[in-house]
Amino acid sequence: MTAATHVVLGGNGVVGRETLRALVAAGHTPTSVGRHPTRVDGVVPLVADLLDHDDVHRALRGADVAYLVAGLPYSSRVWARQWPVILDNVAAVAAEQGTHLVYLDNVYAYGPVDGPMTEDTPVRPGSRKGRVRAAALDLLARAAARGVDVTIGRSADFYGPGATTSVFNGFVLDKVAAGRRSTWLYDADQPHSLTYTPDIGRALTVLGTDDRARGRTWHLPTAPALTGRQYVRTAVDVAAGTTAPADVPLGVMSSTTMRIGALFSTAARETLELSYQYRAPYVFDSTAYETTFGVSPTPVVDGITASLTAARPRTASLS
């Protein structure tokens, strides 16, 4: 009996790297696919472009499980143009090869919600990015109807060591590591779930190796939501090694500031349409996964500690 072949599509991103590390820790020798060779010990690097059908075919030849964790530039226009091509390529080759497809998703397709998000939350996108993600789900459903094994792992906003595209890393953890004031978006007193990237990697590995997961959508393990103010206080406490004073410095970016910023910053412009995620409770429920697989998410204080440790050398070099 031969060992299963695992291929991570998008191995250069933070979630890709964490998934590769989790697969290696589980005893596998995964192939990492990206536009540049991946530097993770114990993996086989393969340079390929997911927008090219022939490259995807080459990457998935003989693959038992493919993990689609690739990221695209944070642009609605790019997403609308490139996600359908990538998904078409991967789904077509997975059907041909008999490959189990594990797809990393976010919560944009849910749109604004009333109450905690679960796997049963309706798909009602309220943004351009949400509509792209909803269309991706439709495409995957059609692929599943044609016989492709599709398993979806969904996370909340993520953070973690080296998560350079995370809002929490950039606006809070990197600032705290550099001794600067943190910033939160819109309302620092609303609860907001954050999923820890090493937890995502380990959970996706389970989705690709445990038959109980196959063919379903799962919310990946996520610690109970804190408010923005509580996250910042935790980060400051961890960095100081003691309990911080009551008046922890925290800037809150208002709607007006964000709109002005959108005139000059693409990132701010692209974030505006998702402001609802910070104006109301953003609570992500991963009970089904935790109960089924007996897994608990990493406590927030532990995740912040590891993330700050990783951020300090980088921020020190920038100062």
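Because the structure is predicted, anything quoted here is derived from the model rather than measured. Quick note: numbers below take in every heavy atom, side chains included, and nothing from hydrogens, waters or symmetry partners.
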**Request:** Please check if any side-chain donor atom of His100 sits under 3.5 Å from a side-chain acceptor atom of Thr151, or the reverse.
**Result:** yes

**Item:** Point-to-point distance, once rounded to the nearest 0.5 Å, from CG of Leu173 to CD1 of Ile304
**Value:** 6.0 Å

**Request:** Apply the test side-chain contact (heavy atoms from CB on, under 4.5 Å) to residues Leu139 and Arg142: give CA-CA distance (whole Å), side-chain angles for both, the deciding distance (0.1 Å), then the verdict.
**Result:** CA-CA 5 Å; Leu139 190 153; Arg142 293 195 297 272; 3.8 Å; yes

**Asked** Is the Tyr282 ring parallel, tilted or perpendicular to the His192 ring (thresholds 30°, 60°)?
**Response** parallel

**Message:** As an exercise, state the distance from CG of Leu20 to CZ of Arg39, rounded to the nearest 0.5 Å.
**Reply:** 14.5 Å

**Expected output: side-chain Asn12 to main-chain His36 donor-acceptor under 3.5 Å** = yes

**Message:** For Gly228, is there any backbone N or O sitting under 3.5 Å from a side-chain donor or acceptor partner on Gln190?
**Reply:** no

**Message:** Quick check on Asp189: does its CG atom have over 12 non-hydrogen neighbours (other residues, nucleotides or ligands) under 6.0 Å away?
**Reply:** yes

**Message:** If we ignore hydrogens and angles and just use 3.5 Å, is the side chain of Thr121 paired with the main-chain N or O of Met117 as donor and acceptor?
**Reply:** no

**Asked** What do you reckon, are the aromatic ring centroids of Tyr196 and Tyr159 less than 6.0 Å apart?
**Response** yes

**Message:** When you measure from the centre of the six-membered ring of Trp83, is the NZ or CZ of Arg81 closer than 6.0 Å and no more than 45° off the axis?
**Reply:** no

**Request:** For residues Pro84 and Leu87, determine if any side-chain heavy atom of one lies less than 4.5 Å from a side-chain heavy atom of the other.
**Result:** no

**Message:** Please enumerate all residues that pass side-chain hydrogen bond (donor to acceptor under 3.5 Å, both in side chains) together with Thr222, with sequence neighbours excluded.
**Reply:** Thr195

**Complete:** Heavy-atom nearest pair, Ala134 first then Pro125, reads CB-CG, 3.9 Å

**Message:** With a sphere of 6.0 Å drawn around CZ of Arg35, does it hold more than 12 non-hydrogen atoms of other residues, nucleotides or ligands?
**Reply:** no

**Request:** Validate the cation-pi geometry between Arg133 and Trp79: distance from NZ or CZ to the six-membered ring centre under 6.0 Å, angle to the ring axis within 45°.
**Result:** yes

**Message:** In the structure I gave you, are the side-chain heavy atoms of His57 and Glu96 within less than 4.5 Å of one another anywhere?
**Reply:** yes

**Request:** Mark yes or no for whether Arg212, through its side chain, and Thr292, through its backbone, hold a donor-acceptor pair below 3.5 Å.
**Result:** yes

**Message:** Over 60° means perpendicular and under 30° means parallel, so tell me whether Tyr67 and His6 are parallel, tilted or perpendicular.
**Reply:** parallel

**Message:** Checking the side chain of Ser193 only, and the main-chain atoms of Ala156 only, is there a donor and an acceptor separated by less than 3.5 Å?
**Reply:** no

**Message:** Within the 4.5 Å heavy-atom criterion, are Pro37 and Val47 side-chain neighbours or not?
**Reply:** yes

**Item:** Passing option when Ile152 is tested against Asp105, Val102, Leu104 for side chain to side chain contact (heavy atoms under 4.5 Å, CB included)
**Value:** Asp105

**Request:** Look at the side chain of Thr5 and the backbone N and O of Ala63, then say whether any donor-acceptor pair between them is shorter than 3.5 Å.
**Result:** no

**Request:** Test salt bridge (charged side-chain N to carboxylate O under 4.0 Å, His left out) on Arg279 and Asp187 and set out the steps.
**Result:** CA-CA 6 Å; Arg279 296 177 184 279; Asp187 188 342; over 6 Å; no

**Complete:** Result for side-chain hydrogen bond (donor to acceptor under 3.5 Å, both in side chains) between Arg154 and one of Tyr110, Tyr289, Tyr103 points to Tyr110

**Prompt:** For the residue pair Tyr278 and Tyr186, does the interplanar ring angle fall in the parallel (under 30°), tilted (30 to 60°) or perpendicular (over 60°) class?
**Reply:** tilted

**Fill in**
Ala203 and Leu220 have their tightest heavy-atom pair at CB-CD2, 3.8 Å

**Request:** Taking the side chain as every heavy atom from C-beta outward, state whether Val33 and Val7 have any atom pair closer than 4.5 Å.
**Result:** yes

**Request:** Answer whether the closest heavy-atom distance between the side chains of Leu101 and Asp149 falls below 4.5 Å.
**Result:** no

**Message:** Can you confirm whether Leu204 sits close enough to Val15 that some side-chain heavy atom of one is under 4.5 Å from a side-chain heavy atom of the other?
**Reply:** yes

**Request:** Can you measure from CZ (Arg202) to CG (Leu23) and round to the nearest 0.5 angstrom?
**Result:** 12.5 Å

**CG-OG1 distance between Asp64 and Thr209, expressed to the nearest 0.5 angstrom** = 12.0 Å

**Request:** Output all residues satisfying side-chain contact (heavy atoms from CB on, under 4.5 Å) with Asp41, sequence neighbours left out; order by chain, then residue number.
**Result:** none

**Asked** Where is the tightest heavy-atom contact between Gly162 and Ala310, given as atom of each residue plus distance?
**Response** N-CB, 4.4 Å

**Request:** Report the distance from atom CG of Asp49 to atom CG of Asp54, rounding to the nearest 0.5 Å.
**Result:** 11.0 Å

**Request:** Carefully, step by step, assess Val295 and Val206 under the rule side-chain contact (heavy atoms from CB on, under 4.5 Å).
**Result:** CA-CA 10 Å; Val295 172; Val206 170; 5.6 Å; no

**Prompt:** Would Tyr74 and Leu68 show up in the same hydrophobic cluster when neighbours are defined by side-chain heavy atoms closer than 4.5 Å?
**Reply:** yes

**Request:** In sequence, state the C-alpha distance, the side-chain angles, and the governing distance for Leu207 and Val65, and then conclude on side-chain contact (heavy atoms from CB on, under 4.5 Å).
**Result:** CA-CA 10 Å; Leu207 299 191; Val65 188; over 6 Å; no

**Prompt:** Can you get from Val167 to Val283 by hopping between Ile, Leu, Val, Met, Phe, Trp and Tyr side chains that sit under 4.5 Å apart?
**Reply:** no

**Asked** Going by the angle between their ring planes, with limits at 30° and 60°, are Tyr231 and Trp184 parallel, tilted or perpendicular?
**Response** parallel

**Fill in**
Correct closest heavy-atom pair for Ser182 and Val176 would be OG-CG2, 3.3 Å

**Asked** Just by distance, do the side chain of Thr99 and the backbone of Ala95 share a donor-acceptor pair under 3.5 Å?
**Response** no

**Request:** Treat each ILVMFWY residue as a node, draw an edge where side-chain heavy atoms are under 4.5 Å apart, and state whether Trp218 and Phe284 are in one component.
**Result:** no

**Message:** Show the nearest heavy-atom pair for residues Leu308 and Ala235, with the distance to one decimal.
**Reply:** CD1-O, 3.5 Å

**Item:** Main-chain N/O of Thr227 paired with Gln230 side-chain donor or acceptor, under 3.5 Å
**Value:** yes

**Item:** Test item: Leu51 and Ile86 side chains (from C-beta on) under 4.5 Å apart, heavy atoms
**Value:** yes

**Prompt:** Should we say atom CZ of Arg58 is surrounded by more than 12 heavy atoms from elsewhere, each under 6.0 Å from it?
**Reply:** yes

**Val14 and Thr164, any side-chain heavy atoms less than 4.5 Å apart** = no

**Request:** Please answer: with hydrophobic residues joined when any side-chain heavy atoms are less than 4.5 Å apart, are Val301 and Val172 in the same cluster?
**Result:** yes

**Asked** Would Glu18 and Ile200 satisfy side-chain contact (heavy atoms from CB on, under 4.5 Å), going step by step from the backbone distance to the final call?
**Response** CA-CA 7 Å; Glu18 296 294 358; Ile200 297 175; over 6 Å; no

**Message:** Test side-chain hydrogen bond (donor to acceptor under 3.5 Å, both in side chains) on Thr118 and Asp285; report intermediate values, then the result.
**Reply:** CA-CA 5 Å; Thr118 72; Asp285 186 330; over 6 Å; no

**Asked** What closest approach, in Å, do Ala225 and Pro191 show between heavy atoms, and which atom pair accounts for it?
**Response** CB-CB, 4.1 Å

**Spacing of CG belonging to Asp157 relative to CG belonging to Leu194, to within rounding of 0.5 Å** = 6.5 Å

**Hydrophobic cluster membership, Leu60 vs Leu140, 4.5 Å side-chain cutoff** = yes

